[in-house]
2 protein chains.
Amino acid sequence: MPYSLTSSSKDTFNSALREKGLRPTKQRACVYGVILGKRDHPTADDIYDRVKRHLPGTSFATVYNCLETLVGCGLVRQVNMDRSPTRYCPNLTPHAHFRCTQSGKIYDVEIDNNTLSLIQALVPEGFEAENLDLSFSGTGKPSDN
Amino acid sequence: MPYSLTSSSKDTFNSALREKGLRPTKQRACVYGVILGKRDHPTADDIYDRVKRHLPGTSFATVYNCLETLVGCGLVRQVNMDRSPTRYCPNLTPHAHFRCTQSGKIYDVEIDNNTLSLIQALVPEGFEAENLDLSFSGTGKPSDN
DNA sequence: AGCTAAATTGGAATTATTCTAATTCCTGAA
DNA sequence: TTCAGGAATTAGAATAATTCCAATTTAGCT
């Protein structure tokens, strides 16, 4: 049973890939689907497990390939926290991350426009920032412990 | 010829370690010294090379151990940019980092107090941030290319 | 000086990720 | 519709950064 995307996310998916001349394969759709389906900032490993439930033959290399492709198409974001395995996130709005050092859980943190523009203004003259990463770590919700 | 710290940084070093009941060994002093001596955000590998020039017998494990200790004492900061090797920085003031994707160089970026407090205010109710990481990547100074 | 815990050492182990070469799959031109 | 050629996937090997481990050395007390 291949993973089924909703028709709206399938459109997003198809056009993002076609725009880059890439093929919307079932593996890519599945990887995208599992990331959209459970927005818990899964690692490549988590994603591999979930994808295998839908497409049992899928290899690790394919999961990594698909993730790279999806990131390249702007469909998902990579979230790197310290040295821990990379996590993936379908939230494309500008936002920060908070990691609870006790539970390891990662939460999205909204960035309001005012703060966002002040942050962007930190970049010195002559530098051009394409990417910004903001993350916090500390103790999270009491329910995490 | 063991690395010699200036007397003021030697004081900082000694008291930071003593405060935690740790010993100010020559390897630790040397690792701290090379990080202070060339503030170019070196990797563990870079640090290893530099330390070996002063204390030839030093092992990789020791460099990692020392770095962990120094970070734990608050003498240096770890800088993680994406998946690249961890870098180390003796600048303890609140600051962000900018990585030039062409040259790989990392620059410190000051954060003014106003922006800093707005960033801290992003952390939701009930969460307690101990750490904040802000980094940019993009094209840096023309001289880098 | 001698004891004890802390630190260092070299090398093996681990872990996430990337690479490689072979195979399979799509797509579009004939 | 077939088939050629590029794109994607696959399994497994390779890599790179970091951590672990057991043995040895060192430093700071008594």
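Letters go in sequence order (proteins before strands), and every chain restarts at 1. Values below: all heavy atoms of this structure, side chains included; hydrogens, waters and symmetry mates excluded. This structure is a prediction, so every number in the text was calculated from the model and none was measured.
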Worksheet item: What is the distance from CZ of R18(B) to C1' of dA7(C), rounded to the nearest Å?
Response: 16 Å
Item to complete: Write down the distance between CG (D49(B)) and P (dA17(D)), rounded to a whole number of angstrom.
Response: 12 Å
Worksheet entry | Spacing of K52(B) atom NZ relative to dT8(C) atom P, expressed in whole Å | 15 Å
Worksheet entry | Matching residue for S9(A) among T12(A), D11(A), T6(A) - test: side-chain hydrogen bond (donor to acceptor under 3.5 Å, both in side chains) | T6(A)
Practice prompt. Grab the CG-C1' distance between L55(B) and dA7(C) for me, whole Å please.
Written response: 14 Å
Discussion item. Any base atoms under 4.0 Å from T58(A), or only sugar-phosphate, or nothing? Heavy atoms, all strands.
Written reply: sugar-phosphate
Item to complete: Examine dT8(C): is either OP1 or OP2 under 4.0 Å from a nitrogen or oxygen in the side chain of T25(B)? Give yes or no.
Response: yes
Using the 3.5 Å cut-off, write out each protein N or O paired with an N or O of nucleotides 14-23 of chain C and the distance between them.
{"residue": "dT17(C)", "atom": "OP1", "partner": "T86(A)", "partner atom": "N", "Å": "3.0"}
{"residue": "dT17(C)", "atom": "OP1", "partner": "T86(A)", "partner atom": "OG1", "Å": "2.9"}
{"residue": "dT17(C)", "atom": "OP2", "partner": "Y64(A)", "partner atom": "OH", "Å": "2.5"}
{"residue": "dT17(C)", "atom": "O5'", "partner": "Y64(A)", "partner atom": "OH", "Å": "3.2"}

Response to the item:
Across all chains, not counting sequence neighbours, the side chain to side chain donor-acceptor pair (under 3.5 Å) partners of D49(A) are none
Worksheet item: Across the strands shown, which category fits T62(A) at heavy-atom distances under 4.0 angstrom: base, sugar-phosphate, nothing?
Response: base
Fill in: Aromatic ring pairing H41(A)/H97(A), orientation class (parallel under 30°, perpendicular over 60°, tilted between)
perpendicular
Practice prompt. Starting from P on dA6(C), measure out to NZ on K20(B) and report it in whole angstrom.
Written response: 16 Å
Item to complete: Report the C-alpha separation of R99(A) and S135(A) in whole Å, then their side-chain angles, then the decisive distance to 0.1 Å, and conclude whether the side-chain hydrogen bond (donor to acceptor under 3.5 Å, both in side chains) test is met.
Response: CA-CA 8 Å; R99(A) 191 193 53 215; S135(A) 57; over 6 Å; no
Worksheet entry | Gap between atoms CG and C1', on D46(B) and dA16(D) respectively (whole Å) | 14 Å
Discussion item. Could you tell me if T43(A) and D46(A) have a donor-acceptor pair between their side chains, going purely by distance under 3.5 Å?
Written reply: yes
Anything under 3.5 Å between a protein N or O and an N or O of nucleotides 28-30 of chain D, put it in a table, one pair a line.
none

Fill in: Distance-only donor-acceptor check, side chains T115(A) and D112(A), under 3.5 Å
yes
Worksheet item: Given that G21(B) and G57(B) both sit by DNA chain C, which one's nearest nucleotide is further toward the 5' end?
Response: G21(B)
Item to complete: May I ask you to evaluate whether Q27(B) reaches the phosphate of dT9(C), defined as a side-chain N or O under 4.0 Å from OP1 or OP2?
Response: yes
Discussion item. When you measure from the side chain of H95(A) to the backbone of T93(A), do you find a donor-acceptor pair of N or O atoms at a distance under 3.5 Å?
Written reply: yes
Practice prompt. Give the rounded distance in Å between these two atoms: CZ of R28(A) and P of dC26(C).
Written response: 12 Å
Worksheet item: Ion pair present between R50(A) and D40(A), side-chain N to carboxylate O less than 4.0 angstrom?
Response: yes
Worksheet entry | Parallel, tilted or perpendicular: ring planes of Y48(A) versus F60(A), cut at 30 and 60 degrees | parallel
Worksheet item: Within this structure, what is the CG-to-P distance between N14(B) and dA27(D), rounded to whole angstrom?
Response: 14 Å
